[in-house]
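A short write-up of the structure that comes next.
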Number of protein chains: 2
Amino acid sequence: MPAASDCTQMLDSETKAVETPEDHAEELRLWLRLLTCTTLIEGEVRGRLRQRFDVTLPRFDLMAQLDKAPDGMTLSDVSKRMMVSNGNVTGLVERLVESGHLDRRTSDTDRRVQVIRLTKLGRAEFRRMAAEHEAWIADLFADLSPKDVRELMRLLAKTKASAQKSAGRRRA
Amino acid sequence: MPAASDCTQMLDSETKAVETPEDHAEELRLWLRLLTCTTLIEGEVRGRLRQRFDVTLPRFDLMAQLDKAPDGMTLSDVSKRMMVSNGNVTGLVERLVESGHLDRRTSDTDRRVQVIRLTKLGRAEFRRMAAEHEAWIADLFADLSPKDVRELMRLLAKTKASAQKSAGRRRA
DNA sequence: TGGAAACATTTTAGGCTTAAAACAATTTCG
DNA sequence: CGAAATTGTTTTAAGCCTAAAATGTTTCCA
C-alpha cells in the first residue's frame, strides 16, 4: 500500500481553482487514533470508578473541578472547564447536591449566579477516589517513557492550539 | 516548579512494602490534555455535522463503519468497532433504518445475527458528508507538520497498546 | 433614567449511552 | 443426544448530553 505523499504546494495559480480534492487521509487516521485512545482510556476509567466507588465519570469530573477551587465555582465556570453544555451541569449538580456531595448557594452580589462547592463529605470521597484514579492513569500510560510523555504533551498542546484556531475561524 | 523525576525502579525489596505514594502528576496531566483535545475536536465536528447536514455524530460514525464494509456488518462487529455498548447500537440502527439510511436483515446461516448495510441513499449521503468531514479534520490539524502527524501517530499507537495492556491486566 | 443588550441559569425535547438482565439461537462436550 | 456454556441481540432503568428557547438579572449607554 503506497503511503500518501503529502504534496500540498500549489504548482501554479491555476491549480487552486480546479477544486483538486486534496488527500488528507493521514490527518483523518490521526484523528481516529486519537479518538480510539481517548475512548479506550475513558471507558476503562469509567468502569473502574463504577466498580470500585459506584460513581459515574461525569460526577467524578465535576468533583475534580471543585476540588481545585476551595472557594467554589459558578455553574458557568464549571461548564466552560468541563467543556459541556450549561444544561448538562444543572442536572449533574442537582444530583450531587441531592446526594450530599455538593453545596450550592446564590451569590450575594449577583442573584443570577449559583456558587457550588464540595461539602466535607464530597471532598473526603473525592480525595479517596482521586488517589486510586491517579494510579490507574499511571498504569494505563505505563509503557510510555518519560520522554514519550513529554513529547506527547508537546504535540497535544500544538494540536489543541491548532484546533482552537480552526474552531475560531469557523465562528468568525 | 521542579519537574517530577521518574524514579520508578525499586531500590530494594523493602521499598515496595512501604506504600510510597508515587508521583504520577505528569501522566495525569497528559491524560487531561488528551481528553481536552478529543473533546474539543469532537465538539467541533458534532456542531458542523449538525449545522451542515443535520446529522448527529453517532449516526455519522456508524455510517462510516458501514461504508468500509460493502457486504455489511453484524451489530456485534459494529459495537466492537465503535467501542460502544450493544444496546446503544440497537437504538442507533433502529433510527437509521427508520430514516432509510440502513438496511437490516437476519443472517441466513445464524438466526441470532442481524446484518446491516448502507442503502443507496445512505451511501450517497454519507459520501457527501465524508468529503467535507475530511476537510474539517484537515483544517483542525492544519498547524501540525507532516512530521508532527507521524510522530503523534507513533506515540498514540504506543499509548493505545499500553492502555490495552493495562485493561487486559485488570480483566485477568 | 429607561430600554436594549448581555449574561447566568433552567427548562424542554430529543437523542445518546451504559450496565445489567432477559431472551433467543448456536455450539460444546459429557 | 441433551444439558450447559457461549454468543448475538434486545430490553430496561437510569443517567448523560446537546441545542434551543425561556426566564430572571445585571450592565451598558443613549
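Naming: A, B, ... by sequence-line order, numbering from 1 per chain.
- Along DNA chain D, the nucleotide nearest to Val84(A) and the one nearest to Asp110(A) differ in position, and the one closer to the 5' end is contacted by Val84(A).
- Residue-level contact check: Thr56(A) touches the backbone only, with heavy atoms under 4.0 Å from sugar-phosphate atoms and none from bases.
- Residue Arg59(A) has a polar side-chain atom (N or O) positioned under 4.0 Å from OP1 or OP2 of dC16(D).
- Residue Arg104(A) has a polar side-chain atom (N or O) positioned under 4.0 Å from OP1 or OP2 of dT10(C).
- We find that CD of Glu98(A) is positioned 14 Å from C1' of dG15(D), with the value rounded to whole Å.
- Taking only side-chain nitrogens and oxygens, Asn88(B) never comes nearer than 4.0 Å to OP1 or OP2 of dC16(C).
- Ser76(B) has a side-chain polar atom (N or O) that falls below the 4.0 Å cut-off from OP1 or OP2 of dT9(D).
- Heavy-atom neighbours of Arg81(B) CZ from other residues, nucleotides or ligands within 6.0 Å: at or below the threshold of 12.
- Listed by chain and number, the residues in a ring-ring contact (aromatic ring centres under 6.0 Å, His included) with Phe60(A) are Phe126(A), His133(A) (sequence neighbours excluded).
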message: salt bridge (Lys or Arg N to Asp or Glu O under 4.0 Å), that's the test. Do Arg154(A) and Glu151(A) meet it? Break it down for me.
response: CA-CA 5 Å; Arg154(A) 186 182 71 79; Glu151(A) 192 62 4; 2.8 Å; yes
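- Regarding contacts with the backbone of dA14(D), every side-chain N or O of Arg95(A) stays at 4.0 angstrom or more from both OP1 and OP2.
- Summary of the strand contacts: Pro58(A) and Arg111(A) both lie near DNA chain D, and taking for each the nucleotide with the nearest heavy atom, the more 5' one is attributed to Pro58(A).
- Side-chain to base pairing of Arg112(B) with dT7(D): one donor and one acceptor N or O lie within less than 3.5 Å of each other.
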